[in-house]
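Reading through the structure tokens given below for one structure.
Each ligand, and each atom within it, is numbered from 1 in the order the structure gives.
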Amino acid sequence: MILFVGAGPGDIELITVKGMKALNEADCVIYAGSLVNPRIIDAYCKKDVTVYNSAKMCLDEVIDVMIKMEAEGKKVVRLHTGDPSIYGAIREQMDRLIEHKIEFDVIPGVSSFVAAASRLKEEFTLPSVSQTIIITRLPGRTGSGEGGKLEELAKHKASMAIFLSVQSIGNVIEKLKKSYSDNTPVAVVYKATWEDEKIVRGTLIDIEEKVHKASISRFAQILVGDFMADKYSLSKLYDKGFSHMYRSPDAFEIVQ
Ligand code: SAH
């Protein structure tokens with residue numbers, strides 16, 4: 001059994017309890033390079049665990065290690081940054097394991113886009129502002145083949161989390177400006193929840209310069225949208241006059 005585990009964004013306490021237990025028991029960990037905090041392995045793995053850094057391996061090599069360890073009856077954890085289902089390239093690994101009839105499971109993790117929101121103390125979904133979050137990236141070297149999409153997505157004026165793109169912040173801003181107004185808030189969070197985290201806030205007008213001044217050129221989330229501005233409506237859910245299945249409008253009870 002191979003376990004794909006989300007390591008969370010960086011802070012080693014932001015892994016799930018299930019993920020931590022999987023690391024406790026692992027004989028072998030293959031972790032995904034620079035954005036998995038190596039302290040997570042020191043903190044949760046056995047002393048004699050075998051560790052591979054997948055940044056230096058190709059898909060075949062990763063799969064070969066998995067097959068070999070599995071054949072020896074070893075417990076393997078494939079440790080991905082944030083949540084494995086987002087830009088994790090796990091599909092191609094899972095498909096290969098299916099071909100080899102090797103069982104696997106996936107344990108989710110705290111993705112960096114929600115970690116970034118937590119560090120900013122912001123809420124992506126605000127009544128009368130946005131009820132939609134778009135997760136995207138600029139097309140990259142990995143051939144996502146979706147050039148031009150960011151302009152299209154910007155038309156929704158939703159809350160946006162842009163991964164893997166801070167190295168081209170100028171290009172991102174130019175595309176966003178076609179739909180969002182110039183004073184739309186933008187926050188760039190470098191290595192959210194790590195010790196060397198950096199947060200830069202601005203608008204579509206000034207964020208590019210601020211990001212350059214802060215020397216941020218990788219490992220960052222670009223969050224965009226009026227959810228970071230001042231105006232919103234109060235939630236109906238907690239409105240005094242709003243009753244629903246679990247709450248009568250005029251009484252609350254202590255549950256425990
Ligand atoms: N699966 C990961 C994303 C992997 S792609 C997740 O769920 O977060 C790698 C990109 O994710 C980085 O280029 C950056 O845009 C973002 N990222 C990952 N960890 C981050 C962190 N701690 N702070 C800010 N951005 C991060």
Atom 14 (C) of ligand 1 has as its nearest protein heavy atom Ala220 O, 3.5 Å
Please evaluate residues Phe4 and Asp105 with respect to the criterion side-chain contact (heavy atoms from CB on, under 4.5 Å), reporting the C-alpha separation (whole Å), side-chain torsions for both, the decisive distance (0.1 Å), and the verdict.
CA-CA 6 Å; Phe4 291 87; Asp105 224 328; over 6 Å; no
Are any of the heavy atoms in Asp83 under 4.0 Å away from ligand 1?
yes
With heavy atoms of Ser112 as the reference, note each atom of ligand 1 found under 4.0 Å away.
6 (C), 7 (O), 8 (O), 11 (O), 16 (C), 17 (N), 18 (C), 19 (N), 20 (C), 21 (C), 25 (N), 26 (C)
Under a 4.0 angstrom heavy-atom cut-off, which atoms of ligand 1 come close to Trp194?
22 (N)
What I want to find out is whether Glu197 reaches Lys191 closely enough, with some N-O distance under 4.0 Å, to be called a salt bridge.
no
With a 4.0 Å cut-off on N to O distance, would you call Arg201 and Glu122 a salt bridge?
yes
Electrostatic pair Arg39:Glu195 at N-O distance under 4.0 angstrom:
yes
Could Glu209 and Lys213 be called an ion pair, given the rule that one side-chain N must be under 4.0 Å from one carboxylate O?
yes
Considering heavy atoms of the protein only, find what lies nearest to atom 12 (C) of ligand 1 and give residue, atom and distance to 0.1 Å.
Leu35 CD1, 3.8 Å
How does Lys191 reach ligand 1, if at all, at less than 4.0 Å between non-hydrogen atoms: by side chain, backbone, both, or neither?
backbone
How far is atom 11 (O) of ligand 1 from the closest protein heavy atom, and which atom is that?
Phe163 CD2, 3.4 Å
